[in-house]
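Remarks on the structure that follows.
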Amino acid sequence: MGKNVLLVDDSMTMRKIVGRSLRQAGIEFDTIFEAADGLEALEILEKESVDIVLSDINMPNMDGISFLREKANREAIKDIPVLMISTETGDDIIGEAKSLGAVGNIKKPFTPDKVNEILGPLL
Amino acid sequence: MENFQQISDKLIEATVEIFTAMVMMEISVNGEPLDNIGTLKNSISGLVGLAGAYKGFVAVHLPENVAFAITSSFLGLDVDEINEDVQDAVGEIANMLGGNVKTELSDAGRDIALSLPSTIYGESYDFRPSDEAERIIIPFKVPGGEFFVELELEIE
């Protein structure tokens with residue numbers, strides 16, 4: 001059985017670009033779920049079978065850091081890996097994301113090769 | 001501001017990287033930086049504000065036809081009016097530019113906050129710079145025409 005991914009970004013454009021980059025990188029998922037913020041992401045994680053989450057940090061309603069914090073407190077979903085995809089590169093914010101369980105960070109803008117390099121080993 | 005030129009160079013580098021890697025369009029700098037672009041006609045602008053250790057904004061100003069060409073290339077769909085897709089694509093370009101400027105200015109990430117991107121558009125509008133801000137406007141050329149990337153930062 002193939003794997004499922006959840007893309008979390010308030011920009012529909014960016015969700016499409018990430019999806020396109022996954023295909024161009026030769027990374028195939030059975031289902032690509034999409035969420036526009038951390039709240040929507042938590043709802044999907046509670047209902048669906050998701051193998052990995054690719055999440056933005058700066059989002060309305062619930063940002064990526066708050067999403068990681070909330071997810072860590074929910075037993076059923078706390079172990080699902082989250083890879084950040086963000087314009088943020090600062091040690092403070094990326095460090096906090098990693099301390100809350102993020103498994104890595106892809107900086108925007110990115111190429112399909114960069115997605116493959118960072119995401120590939122996690123699958 | 002001693003490093004303003006350095007930040008401007010980074011902005012050029014980031015714009016080229018965004019268009020090459022993600023919008024999938026050829027791009028080049030189109031002449032010398034400007035300090036004013038006057039009234040924008042039939043255009044759309046994407047803006048991201050910076051607050052904290054540095055205050056100001058990063059903006060991308062696109063004539064409608066250029067915004068349509070960019071959105072088509074970015075998303076792989078045809079557009080001929082400013083709709084949610086165009087606003088989202090333009091806002092995301094501003095967001096990535098803002099992130100790159102923040103990376104250049106910030107020590108570790110928490111000293112500068114980026115706003116969420118916003119867009120404005122219309123038949124005719126102006127951007128009035130603050131008297132206490134340093135401003136640079138960089139012209140770029142893509143196959144659809146010319147557009148501008150603007151950085152305004154308050155002088156310490």
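Each chain gets a letter, A, B and so on, in the order its sequence line appears, and its residues count up from 1. Hydrogens, waters and symmetry mates play no part in the numbers below; they use all other heavy atoms, side chains included.
The one candidate from B:Asp88, B:Asp85, B:Val86, B:Thr71 that meets the side chain to side chain contact (heavy atoms under 4.5 Å, CB included) condition with A:Thr13 is B:Asp88.
Both the backbone and the side chain of B:Thr103 come within less than 4.5 Å of a heavy atom in chain A. For A:Ile17, the part lying near chain B is the side chain, with the backbone staying farther off; criterion is any non-hydrogen pair under 4.5 Å. B:Leu116 touches chain A through its side chain: at least one heavy atom from C-beta onward sits under 4.5 Å away, while N, CA, C and O do not. Interface residue B:Leu114: only side-chain heavy atoms are found under 4.5 Å from chain A. Only the side chain of B:Leu77 comes within contact range of chain A, with heavy atoms under 4.5 Å apart.
Within 6.0 Å of CD in B:Glu146 there are more than 12 heavy atoms belonging to other residues, nucleotides or ligands. Within a 6.0 Å sphere centred on CG of B:Asp78, other residues, nucleotides and ligands contribute 12 heavy atoms or fewer. Enclosure of atom CD in A:Glu48 by more than 12 non-hydrogen atoms of other residues, nucleotides or ligands within 6.0 angstrom is indicated.
Summarising the geometry, atom NZ belonging to B:Lys102 is positioned 3.5 Å from atom CD belonging to A:Glu88; distances are rounded to the nearest 0.5 Å. In this structure, the separation between CG on A:Asp91 and OG on B:Ser106 is 9.0 Å, given to the nearest 0.5 Å. Here OG of A:Ser11 is found 8.0 Å from CE of B:Met96. Values are rounded to the nearest 0.5 Å. The CG atom of A:Asp92 lies 7.5 Å from the CG atom of B:Asp111; values are rounded to the nearest 0.5 Å. A distance of 13.5 Å separates CD of B:Glu92 from NZ of A:Lys16, quoted to the nearest 0.5 Å.
In this structure, B:Ile18 and A:Pro109 approach most closely via the heavy-atom pair CG1-CG, 3.6 Å.
In terms of heavy-atom pairs under 4.5 Å with chain A, the best-connected choice from B:Leu97, B:Thr20, B:Leu75, B:Asn100 is B:Leu75. With chain B as the partner, the residue from A:Asp9, A:Ile93, A:Asn58 showing the most heavy-atom pairs under 4.5 Å is A:Ile93.
Every residue meeting the salt bridge (charged side-chain N to carboxylate O under 4.0 Å, His left out) condition with A:Asp56, not counting sequence neighbours, appears here in chain and number order: A:Lys108. Residues passing the salt bridge (charged side-chain N to carboxylate O under 4.0 Å, His left out) test with A:Lys78 are A:Glu75, sequence neighbours excluded. With sequence neighbours excluded, the residues that form a salt bridge (charged side-chain N to carboxylate O under 4.0 Å, His left out) with B:Glu13 are B:Lys10.
B:Val79 and B:Val142 end up in the same hydrophobic cluster when Ile, Leu, Val, Met, Phe, Trp and Tyr side chains are linked at under 4.5 Å. Taking hydrophobic clusters as Ile, Leu, Val, Met, Phe, Trp and Tyr residues chained together by side-chain heavy-atom distances below 4.5 Å, B:Met22 shares a cluster with A:Ile27. Taken together through direct or relayed side-chain contacts under 4.5 Å among Ile, Leu, Val, Met, Phe, Trp and Tyr, A:Leu68 and A:Leu7 form parts of separate hydrophobic clusters. There is no path of hydrophobic side-chain contacts, each under 4.5 Å, that joins A:Ile52 to A:Leu6. In terms of hydrophobic clustering, with Ile, Leu, Val, Met, Phe, Trp and Tyr side chains grouped at heavy-atom distances under 4.5 Å, A:Leu83 and A:Ile94 are assigned to different clusters.
Of residues 110-123 of chain A, those residues with a non-hydrogen atom less than 4.5 Å from any non-hydrogen atom of chain B are, in numerical order, A:Phe110, A:Thr111.
At least one donor-acceptor pair closer than 3.5 Å links the side chain of A:Arg20 to the backbone N or O of B:Phe74.
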